[in-house]
Protein chains: 2
Amino acid sequence: MDAFSAAAEPNRRRILQLLASEPRTVSDIAAEFTVTRSAVSQHLLLLADAGLVTAEKVGRQRIYRVVPDGLRSLQAEIDRFWTDELDLLVADAHAHAHPNRSNP
Amino acid sequence: MDAFSAAAEPNRRRILQLLASEPRTVSDIAAEFTVTRSAVSQHLLLLADAGLVTAEKVGRQRIYRVVPDGLRSLQAEIDRFWTDELDLLVADAHAHAHPNRSNP
DNA sequence: CCAATACGTTAGTCGTCACTAACCTATTCG
DNA sequence: CGAATAGGTTAGTGACGACTAACGTATTGG
(Lines give C-alpha, C1' and ligand atoms only; values in the text may rest on other atoms or scores of the structure.)
Protein backbone atom coordinates (compact mmCIF):
# COMPACT_ATOMS: atom_id res chain seq x y z
CA MET A 1 0.00 0.00 0.00
CA ASP A 2 1.39 3.38 -0.95
CA ALA A 3 1.79 6.19 1.54
CA PHE A 4 -1.20 8.11 0.22
CA SER A 5 -3.62 5.26 0.74
CA ALA A 6 -2.03 4.36 4.05
CA ALA A 7 -2.44 7.89 5.35
CA ALA A 8 -5.99 8.21 4.05
CA GLU A 9 -7.63 5.97 6.63
CA PRO A 10 -9.23 8.27 9.26
CA ASN A 11 -7.74 6.58 12.32
CA ARG A 12 -4.30 6.57 10.78
CA ARG A 13 -4.62 10.23 9.92
CA ARG A 14 -5.18 10.96 13.58
CA ILE A 15 -2.33 8.68 14.60
CA LEU A 16 0.03 10.54 12.31
CA GLN A 17 -1.09 13.85 13.73
CA LEU A 18 -0.61 12.64 17.27
CA LEU A 19 2.85 11.32 16.51
CA ALA A 20 3.73 14.54 14.74
CA SER A 21 3.10 16.52 17.89
CA GLU A 22 5.32 14.14 19.82
CA PRO A 23 6.51 10.52 19.81
CA ARG A 24 4.32 8.20 21.85
CA THR A 25 3.94 4.65 23.00
CA VAL A 26 1.24 2.37 21.64
CA SER A 27 -0.73 2.59 24.86
CA ASP A 28 -0.58 6.38 24.83
CA ILE A 29 -2.00 6.41 21.34
CA ALA A 30 -4.60 3.75 22.06
CA ALA A 31 -5.85 5.85 24.97
CA GLU A 32 -7.00 8.45 22.44
CA PHE A 33 -9.11 5.97 20.52
CA THR A 34 -12.16 3.88 21.14
CA VAL A 35 -10.67 0.91 19.32
CA THR A 36 -8.46 -1.60 21.09
CA ARG A 37 -4.73 -1.36 21.53
CA SER A 38 -4.40 -4.27 19.14
CA ALA A 39 -6.14 -2.35 16.38
CA VAL A 40 -3.88 0.64 16.98
CA SER A 41 -0.85 -1.60 16.95
CA GLN A 42 -1.87 -2.97 13.59
CA HIS A 43 -2.39 0.51 12.20
CA LEU A 44 1.09 1.39 13.40
CA LEU A 45 2.60 -1.65 11.72
CA LEU A 46 0.89 -0.69 8.50
CA LEU A 47 2.17 2.87 8.80
CA ALA A 48 5.63 1.51 9.51
CA ASP A 49 5.34 -0.65 6.42
CA ALA A 50 4.55 2.46 4.40
CA GLY A 51 7.68 4.08 5.83
CA LEU A 52 5.71 6.74 7.68
CA VAL A 53 6.52 5.81 11.25
CA THR A 54 9.19 3.90 13.08
CA ALA A 55 9.51 2.32 16.51
CA GLU A 56 12.33 2.67 18.97
CA LYS A 57 12.44 0.06 21.67
CA VAL A 58 13.00 1.57 25.07
CA GLY A 59 12.79 -0.84 27.94
CA ARG A 60 9.47 -2.57 27.66
CA GLN A 61 7.85 0.12 25.60
CA ARG A 62 8.03 1.07 21.97
CA ILE A 63 8.20 4.72 21.17
CA TYR A 64 6.65 5.41 17.83
CA ARG A 65 7.60 8.48 15.89
CA VAL A 66 7.02 9.90 12.45
CA VAL A 67 9.75 9.33 9.87
CA PRO A 68 10.43 12.71 8.27
CA ASP A 69 11.64 11.18 5.02
CA GLY A 70 8.54 9.05 4.75
CA LEU A 71 6.46 12.12 5.36
CA ARG A 72 8.31 13.89 2.59
CA SER A 73 7.48 11.03 0.24
CA LEU A 74 3.87 11.32 1.25
CA GLN A 75 3.88 15.04 0.60
CA ALA A 76 5.49 14.42 -2.78
CA GLU A 77 2.83 11.85 -3.58
CA ILE A 78 0.08 14.26 -2.67
CA ASP A 79 1.71 17.01 -4.70
CA ARG A 80 2.05 14.72 -7.69
CA PHE A 81 -1.65 14.01 -7.42
CA TRP A 82 -2.67 17.59 -6.99
CA THR A 83 -1.98 18.82 -10.51
CA ASP A 84 -2.11 22.44 -11.60
CA GLU A 85 -5.33 21.65 -13.39
CA LEU A 86 -6.95 20.48 -10.18
CA ASP A 87 -5.66 23.57 -8.47
CA LEU A 88 -7.16 25.73 -11.19
CA LEU A 89 -10.56 24.19 -10.63
CA VAL A 90 -10.36 25.02 -6.95
CA ALA A 91 -9.54 28.59 -7.90
CA ASP A 92 -12.63 28.61 -10.10
CA ALA A 93 -14.71 27.47 -7.17
CA HIS A 94 -13.42 30.55 -5.41
CA ALA A 95 -14.29 32.69 -8.40
CA HIS A 96 -17.85 31.45 -8.16
CA ALA A 97 -18.25 32.91 -4.70
CA HIS A 98 -16.25 36.03 -5.50
CA PRO A 99 -16.80 36.53 -9.23
CA ASN A 100 -13.58 38.45 -9.83
CA ARG A 101 -11.55 36.89 -12.61
CA SER A 102 -7.86 37.33 -13.30
CA ASN A 103 -8.75 39.35 -16.42
CA PRO A 104 -12.31 40.66 -16.09
CA MET B 1 -16.55 7.36 2.41
CA ASP B 2 -15.00 10.77 2.84
CA ALA B 3 -13.37 12.64 -0.02
CA PHE B 4 -9.85 11.95 1.22
CA SER B 5 -10.28 8.19 1.22
CA ALA B 6 -12.23 8.31 -2.03
CA ALA B 7 -9.46 10.22 -3.75
CA ALA B 8 -6.71 8.05 -2.30
CA GLU B 9 -7.33 5.00 -4.46
CA PRO B 10 -4.73 5.05 -7.28
CA ASN B 11 -7.16 4.57 -10.17
CA ARG B 12 -9.44 7.27 -8.83
CA ARG B 13 -6.52 9.63 -8.47
CA ARG B 14 -5.82 9.24 -12.16
CA ILE B 15 -9.49 9.61 -13.01
CA LEU B 16 -9.64 12.90 -11.15
CA GLN B 17 -6.54 14.13 -12.93
CA LEU B 18 -7.96 13.17 -16.30
CA LEU B 19 -11.25 14.89 -15.57
CA ALA B 20 -9.43 17.95 -14.30
CA SER B 21 -7.74 18.40 -17.64
CA GLU B 22 -11.10 18.14 -19.36
CA PRO B 23 -14.53 16.54 -18.94
CA ARG B 24 -14.82 13.12 -20.52
CA THR B 25 -17.20 10.28 -21.15
CA VAL B 26 -16.93 7.00 -19.34
CA SER B 27 -15.58 5.27 -22.43
CA ASP B 28 -12.93 7.93 -22.93
CA ILE B 29 -11.73 7.40 -19.39
CA ALA B 30 -11.91 3.63 -19.60
CA ALA B 31 -9.71 3.75 -22.69
CA GLU B 32 -6.90 5.02 -20.47
CA PHE B 33 -7.13 2.09 -18.09
CA THR B 34 -6.59 -1.61 -18.26
CA VAL B 35 -9.65 -2.32 -16.14
CA THR B 36 -13.06 -2.65 -17.69
CA ARG B 37 -15.49 0.14 -18.37
CA SER B 38 -17.67 -1.28 -15.63
CA ALA B 39 -14.93 -0.83 -13.07
CA VAL B 40 -14.35 2.74 -14.20
CA SER B 41 -18.07 3.41 -14.07
CA GLN B 42 -18.17 2.20 -10.49
CA HIS B 43 -15.22 4.38 -9.55
CA LEU B 44 -17.04 7.32 -11.07
CA LEU B 45 -20.20 6.59 -9.10
CA LEU B 46 -18.16 6.44 -5.92
CA LEU B 47 -16.46 9.74 -6.77
CA ALA B 48 -19.85 11.22 -7.52
CA ASP B 49 -21.06 9.97 -4.15
CA ALA B 50 -18.16 11.77 -2.52
CA GLY B 51 -19.20 14.94 -4.33
CA LEU B 52 -16.03 15.07 -6.39
CA VAL B 53 -17.47 14.54 -9.86
CA THR B 54 -20.79 14.94 -11.57
CA ALA B 55 -22.33 13.60 -14.77
CA GLU B 56 -24.19 15.49 -17.41
CA LYS B 57 -26.29 13.43 -19.74
CA VAL B 58 -25.79 14.37 -23.35
CA GLY B 59 -27.54 12.18 -25.82
CA ARG B 60 -26.47 8.65 -25.08
CA GLN B 61 -23.29 9.64 -23.35
CA ARG B 62 -22.52 10.93 -19.90
CA ILE B 63 -19.97 13.64 -19.62
CA TYR B 64 -18.23 13.46 -16.29
CA ARG B 65 -16.53 16.49 -14.86
CA VAL B 66 -14.92 17.49 -11.60
CA VAL B 67 -17.04 19.44 -9.14
CA PRO B 68 -14.96 22.44 -8.05
CA ASP B 69 -16.71 22.72 -4.69
CA GLY B 70 -16.11 19.06 -3.97
CA LEU B 71 -12.50 19.54 -4.86
CA ARG B 72 -12.34 22.44 -2.46
CA SER B 73 -13.70 20.23 0.30
CA LEU B 74 -11.07 17.66 -0.52
CA GLN B 75 -8.35 20.27 -0.37
CA ALA B 76 -9.69 21.46 2.95
CA GLU B 77 -9.70 17.91 4.26
CA ILE B 78 -6.12 17.40 3.20
CA ASP B 79 -5.13 20.73 4.73
CA ARG B 80 -6.85 19.82 7.98
CA PHE B 81 -4.85 16.61 8.02
CA TRP B 82 -1.57 18.23 7.17
CA THR B 83 -0.95 20.03 10.43
CA ASP B 84 1.83 22.53 11.05
CA GLU B 85 3.56 19.89 13.10
CA LEU B 86 3.66 17.49 10.19
CA ASP B 87 4.91 20.30 8.02
CA LEU B 88 7.65 21.03 10.48
CA LEU B 89 8.84 17.44 10.33
CA VAL B 90 9.10 17.67 6.57
CA ALA B 91 11.17 20.79 6.99
CA ASP B 92 13.43 18.84 9.33
CA ALA B 93 13.86 16.18 6.69
CA HIS B 94 15.11 18.97 4.47
CA ALA B 95 17.45 20.17 7.18
CA HIS B 96 18.96 16.71 7.29
CA ALA B 97 20.06 16.93 3.66
CA HIS B 98 21.02 20.60 3.91
CA PRO B 99 22.01 21.05 7.53
CA ASN B 100 21.27 24.78 7.64
CA ARG B 101 18.94 25.60 10.47
CA SER B 102 16.84 28.71 10.87
CA ASN B 103 19.18 29.85 13.68
CA PRO B 104 22.54 28.12 13.20
C1' DC C 1 -37.79 0.24 -37.06
C1' DC C 2 -33.72 -2.16 -35.74
C1' DA C 3 -29.04 -2.76 -34.83
C1' DA C 4 -25.42 -0.49 -32.68
C1' DT C 5 -23.80 2.42 -29.12
C1' DA C 6 -23.09 4.39 -24.37
C1' DC C 7 -23.82 3.40 -19.76
C1' DG C 8 -25.77 1.90 -15.65
C1' DT C 9 -26.80 -2.30 -12.92
C1' DT C 10 -26.36 -6.63 -10.84
C1' DA C 11 -24.36 -10.80 -9.13
C1' DG C 12 -20.64 -13.04 -7.76
C1' DT C 13 -15.64 -13.59 -6.66
C1' DC C 14 -11.37 -12.51 -4.46
C1' DG C 15 -8.64 -10.11 -1.70
C1' DT C 16 -7.84 -7.18 1.98
C1' DC C 17 -9.01 -4.05 5.65
C1' DA C 18 -10.47 -2.98 10.37
C1' DC C 19 -11.34 -5.03 14.32
C1' DT C 20 -11.67 -8.03 18.68
C1' DA C 21 -10.32 -11.60 21.75
C1' DA C 22 -6.98 -14.46 23.28
C1' DC C 23 -2.41 -15.65 23.58
C1' DC C 24 2.65 -15.21 23.74
C1' DT C 25 7.08 -12.80 24.69
C1' DA C 26 10.09 -9.61 26.68
C1' DT C 27 11.13 -6.47 30.39
C1' DT C 28 10.97 -4.61 34.88
C1' DC C 29 9.93 -4.18 39.75
C1' DG C 30 8.80 -5.93 44.16
C1' DC D 1 12.18 -15.42 41.19
C1' DG D 2 7.30 -14.20 40.20
C1' DA D 3 3.70 -10.82 39.18
C1' DA D 4 2.74 -7.07 36.44
C1' DT D 5 3.31 -4.41 32.37
C1' DA D 6 4.07 -3.22 27.26
C1' DG D 7 3.15 -4.66 23.13
C1' DG D 8 3.60 -7.84 19.14
C1' DT D 9 1.01 -12.03 17.13
C1' DT D 10 -2.57 -14.85 15.60
C1' DA D 11 -7.11 -16.52 14.37
C1' DG D 12 -11.33 -15.47 13.19
C1' DT D 13 -15.14 -12.38 11.64
C1' DG D 14 -17.77 -8.97 9.17
C1' DA D 15 -17.57 -5.77 5.95
C1' DC D 16 -16.15 -3.67 2.00
C1' DG D 17 -13.44 -2.55 -2.02
C1' DA D 18 -12.01 -3.62 -6.74
C1' DC D 19 -13.06 -6.17 -10.36
C1' DT D 20 -15.30 -9.03 -14.27
C1' DA D 21 -19.04 -10.89 -16.86
C1' DA D 22 -23.51 -10.64 -18.18
C1' DC D 23 -27.54 -8.22 -18.60
C1' DG D 24 -30.80 -4.22 -18.93
C1' DT D 25 -32.00 0.40 -20.82
C1' DA D 26 -32.00 4.60 -23.25
C1' DT D 27 -30.51 6.88 -27.48
C1' DT D 28 -29.36 7.27 -32.18
C1' DG D 29 -28.03 6.33 -36.98
C1' DG D 30 -28.88 3.73 -41.16
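Fair warning: this is a prediction, and the values are worked out from it, not measured in the lab. In what follows, chains carry the letters A, B, and so on, assigned in the order in which the sequence lines appear, proteins first and then strands, with residues in each chain numbered from 1.
- When each of B:Leu71, B:Leu74, B:Leu19 is checked for a side chain to side chain contact (heavy atoms under 4.5 Å, CB included) with A:Leu86, only B:Leu71 meets the rule.
- Seen from the ring of B:Tyr64, B:Arg24 does not count as a face-on cation partner, given the 6.0 Å and 45° thresholds.
- No donor-acceptor contact under 3.5 angstrom links the side chains of B:Ser21 and B:Gln17, judged on distance only.
- At whole-Å resolution of the value, CZ in B:Arg13 and C1' in D:dG17 are 15 Å apart.
- Of the residues in residues 45-66 of chain A, those with a non-hydrogen atom less than 4.0 angstrom from any atom of DNA chain D are A:Leu45, A:Arg60, A:Gln61, A:Arg62, A:Tyr64.
- One finds no side-chain N or O of A:Asn11 lying less than 4.0 angstrom from the OP1 or OP2 phosphate oxygen of C:dC17.
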Would you tabulate the pairs of protein nitrogen or oxygen atoms and nucleotide nitrogen or oxygen atoms of nucleotides 20-24 of chain D closer than 3.5 angstrom?
{"residue": "D:dT20", "atom": "OP2", "partner": "B:Thr36", "partner atom": "N", "Å": "2.7"}
{"residue": "D:dT20", "atom": "OP2", "partner": "B:Thr36", "partner atom": "OG1", "Å": "2.8"}
{"residue": "D:dT20", "atom": "O4", "partner": "B:Gln42", "partner atom": "NE2", "Å": "3.0"}
{"residue": "D:dA21", "atom": "N6", "partner": "B:Ser38", "partner atom": "OG", "Å": "2.9"}

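- Distances shown here put every side-chain N or O of B:Thr25 at or beyond 4.0 Å from the OP1 or OP2 atom of C:dA6.
- Distances from the side chain of A:His43 to the nucleotides C:dC7, D:dA18, C:dA18 place C:dA18 closest.
- Listed by chain and number, the residues in a salt bridge (Lys or Arg N to Asp or Glu O under 4.0 Å) with B:Asp2 are A:Arg13 (sequence neighbours excluded).
- One atom, CG of B:Leu44, and another, P of C:dT9, lie 12 Å apart when rounded to the nearest Å.
- In this structure, A:Arg12 places its CZ atom 11 Å from C1' of C:dT16, rounding to the nearest Å.
- Salt-bridge check for A:Glu56 with A:Arg65: passed, with a basic side-chain N closer than 4.0 Å to an acidic carboxylate O.
- Here the side chain of A:Arg37 pairs no donor or acceptor atom with the backbone of A:Ala31 at under 3.5 angstrom.
- For A:Asp84, the CG atom is loosely surrounded, since the number of other residues' heavy atoms within 6.0 Å does not exceed 12.
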Please test A:Ser73 against A:Glu77 for side chain to side chain donor-acceptor pair (under 3.5 Å), starting from the C-alpha separation and ending with a verdict. CA-CA 6 Å; A:Ser73 298; A:Glu77 229 172 280; over 6 Å; no
